[in-house]
Asks: 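Attaching a single structure in structure tokens format; questions to follow.
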Amino acid sequence: EAAREQLAAARGLGVRARLVLGVFRRSVFWRPVFAAARLLRASGLPARLAGTRQTAFSMGMVAATQPAAALNTATAPDPPRARAAPAAPGTRSETRGTVALFRGCVMDSLFGHVHDAVRRTLKANGYRVVEVRGQACCGALHEHAGARADAESLARKNVAAFTDAADYIVVDSAGCGAILKDYGHLLGTDAAARMAAKVRDVTELLAAAGPRTGGPLPLDVAYDAPCHLQHAQRIQAPPLTVFAAIPELRVRVLPGSSQCCGSAGIFSMLQPDMSRAVLDLKIQELAAATPRPDIVATGNPGCIMQIGAGLRAAGLEIEVAHPVELLDRSYAIGGVYTPDQSPRHCEAAEPPRQSGR
């Protein structure tokens with residue numbers, strides 16, 4: 001990132017990079033773009049048009065943002081096996097602290113179903129989830145591209161929004177989590193460092209809580225660790241702990257799991273040929289896996305879209321989902337909560353208390 005900052009200062013950013021980063025700079029730009037993508041996704045066209053050419057590959061990326069059908073169609077088994085451990089419907093008493101959800105931009109616009117799963121699973125494991133207003137894009141894409149001033153501007157907005165908002169700040173995007181944890185270094189302020197110290201990936205919080213066991217989900221899953229989770233944040237065990245709470249889930253970590261999928265922020269847009277060359281190695285490994293997985297689980301939106309598009313282009317009927325989606329479905333099957341339980345029931349964070357005059 002430091003090298004890219006110097007390159008950007010010396011050479012400037014390309015037109016495409018400036019356009020993409022400019023869109024993510026302000027919600028007034030990216031919200032309409034992603035709203036259009038949701039409408040396109042709902043039409044079913046991206047799934048039908050997905051393929052190997054660049055435009056068709058982009059359609060595959062949009063199609064990959066929809067919930068995995070394999071999870072939606074999974075149902076509870078016969079009553080005697082309905083639960084692996086006794087669990088009354090509802091949630092645990094909320095004693096583990098208050099959690100503010102970082103919504104982000106891509107996650108909030110295209111992966112709202114993942115946010116919903118995060119809210120439900122955290123509440124089921126004893127956390128109180130609150131909503132924080134005034135959030136902005138995390139700035140990771142800008143920092144990676146060398147546009148440090150833009151990254152700092154977005155970081156300052158988030159620090160102001162999350163100050164004193166909760167005990168923890170939960171993130172379900174590995175890329176966002178990596179830069180949020182680095183805000184102290186990025187901004188060099190005490191406030192930024194205090195905020196960064198509260199940031200947790202959702203699998204970290206769930207693993208700290210156990211998590212409680214759900215119902216059986218008999219699926220073959222290949223776990224692919226996002227680079228920003230495994231290498232940047234050094235988080236390896238928590239996602240596997242989450243999977244362990246799902247009875248009958250057959251999870252494998254393939255040998256190439258630690259390798260990049262080729263998404264890398266906006267790299268797939270700026271260098272599509274090299275990005276696809278990196279992805280092809282991962283797709284080949286998934287195709288050769290025996291038994292072939294029903295789902296690839298990974299905790300970053302760029303990885304979900306990149307791998308999902310690659311699988312469609314290769315004609316492989318394998319879906320991609322966030323790890324917390326699997327736990328969420330297991331909880332619904334196991335009776336931890338009902339499938340139609342309101343996912344957006346979370347409180348607004350109280351504004352920071354002001355000192356007396």
Asks: For Arg4, does the CZ atom sit with more than 12 other heavy atoms under 6.0 Å from it, leaving out its own atoms?
Replies: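 Count not over threshold, so no.
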Asks: CG of Leu217 to CD1 of Ile246: how many Å apart, nearest 0.5 Å?
Replies: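 With rounding to 0.5 Å, CG (Leu217) is 6.0 Å from CD1 (Ile246).
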Asks: When you measure from the side chain of Arg212 to the backbone N and O of Ala124, does any donor-acceptor pair fall under 3.5 Å?
Replies: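 Between the backbone of Ala124 and the side chain of Arg212 there is a qualifying donor-acceptor contact (under 3.5 Å).
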Asks: Quick one, Asp108 and Arg31 - any side-chain contact, counting heavy atoms below 4.5 Å?
Replies: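 Yes, their side chains come closer than 4.5 Å.
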Asks: Give every residue pair that meets the side chain to side chain donor-acceptor pair (under 3.5 Å) criterion with at least one member in residues 42-59, sequence neighbours excluded.
Replies: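 For residues 42-59: none.
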Asks: Does either side chain, that of Ser275 or that of Gln306, offer a donor lying less than 3.5 Å from an acceptor on the other one?
Replies: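 Yes.
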Asks: Show, in sequence, the C-alpha distance, side-chain angles and deciding distance for Asp273 and Arg276, and conclude whether the salt bridge (charged side-chain N to carboxylate O under 4.0 Å, His left out) test is met.
Replies: CA-CA 5 Å; Asp273 292 340; Arg276 291 285 297 280; over 6 Å; no
Asks: Among Thr121, Leu122, Val170, which residue satisfies the side-chain contact (heavy atoms from CB on, under 4.5 Å) criterion with Val129?
Replies: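 By the side-chain contact (heavy atoms from CB on, under 4.5 Å) criterion, Val129 pairs with just one of Thr121, Leu122, Val170: Leu122.
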Asks: Do the ring planes of Phe162 and Phe102 sit parallel (below 30°), tilted (30 to 60°) or perpendicular (above 60°)?
Replies: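 Phe162 and Phe102: tilted rings.
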Asks: Could you check if a side-chain atom of Leu254 sits within less than 4.5 angstrom of a side-chain atom of Pro293, using non-hydrogen atoms only?
Replies: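 No, their side chains stay 4.5 Å or more apart.
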Asks: If I compare all heavy atoms of Ala174 with all of Asn300, which pair ends up nearest, and what's the gap?
Replies: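 Scanning both residues, the minimum pair turns out to be N-OD1, 3.2 Å.
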Asks: Hey, are the side chains of Arg38 and Thr65 touching, using non-hydrogen atoms and a 4.5 Å cut-off?
Replies: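 No - every pair of side-chain heavy atoms lies 4.5 Å or more apart.
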Asks: For residues Pro239 and Leu229, report the shortest heavy-atom separation together with the two atoms involved.
Replies: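 In terms of heavy atoms, the two residues are closest at CG-CD2, 4.0 Å.
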Asks: Stepwise, does the side chain to side chain contact (heavy atoms under 4.5 Å, CB included) test hold for Leu219 with Leu71?
Replies: CA-CA 9 Å; Leu219 295 171; Leu71 293 178; 3.9 Å; yes
Asks: Between atom OG1 of Thr163 and atom CE of Met195, what is the distance when rounded to the nearest 0.5 Å?
Replies: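 CE of Met195 is found 8.0 Å from OG1 of Thr163.
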Asks: Is there a side chain to side chain contact (heavy atoms under 4.5 Å, CB included) between His115 and Leu101? Walk through the geometry before answering.
Replies: CA-CA 8 Å; His115 279 347; Leu101 174 63; 3.9 Å; yes
Asks: Give every residue pair that meets the salt bridge (charged side-chain N to carboxylate O under 4.0 Å, His left out) criterion with at least one member in residues 166-188, sequence neighbours excluded.
Replies: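 As it turns out, the salt bridge (charged side-chain N to carboxylate O under 4.0 Å, His left out) pairs with a partner in residues 166-188, which skip direct neighbours, are Lys181-Glu204.
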Asks: Looking at Cys105, is its backbone amide N or carbonyl O close enough to the side chain of Ser109 to form a donor-acceptor pair, meaning the two atoms are under 3.5 Å apart?
Replies: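 At least one qualifying donor-acceptor pair exists.
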Asks: Mind running side chain to side chain contact (heavy atoms under 4.5 Å, CB included) on Gln135 and Asn158 for me, showing each step along the way?
Replies: CA-CA 5 Å; Gln135 301 183 40; Asn158 286 320; 4.0 Å; yes
Asks: Quick one: are Lys123 and Arg128 in side-chain contact, heavy atoms under 4.5 Å?
Replies: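 No, too far: nothing below the 4.5 Å cut-off.
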Asks: So do the side chains of Leu40 and Met59 get within less than 4.5 Å of each other, counting heavy atoms only?
Replies: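 Side-chain contact under 4.5 Å: yes.
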Asks: Using the rule given for side chain to side chain contact (heavy atoms under 4.5 Å, CB included), can you reason through Gln230 versus Ser258, listing the C-alpha separation, both sets of side-chain angles and the distance that settles it, and then say yes or no?
Replies: CA-CA 7 Å; Gln230 180 166 274; Ser258 62; 3.0 Å; yes
Asks: Check whether any side-chain heavy atom of Glu325 sits under 4.5 Å from a side-chain heavy atom of Val114, and report yes or no.
Replies: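 Sidechains of Val114 and Glu325: in contact.
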Asks: Measuring from atom OG of Ser173 to atom CZ of Arg103, what distance do you get when rounded to the nearest 0.5 angstrom?
Replies: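 Here the interatomic distance stands at 14.5 Å.
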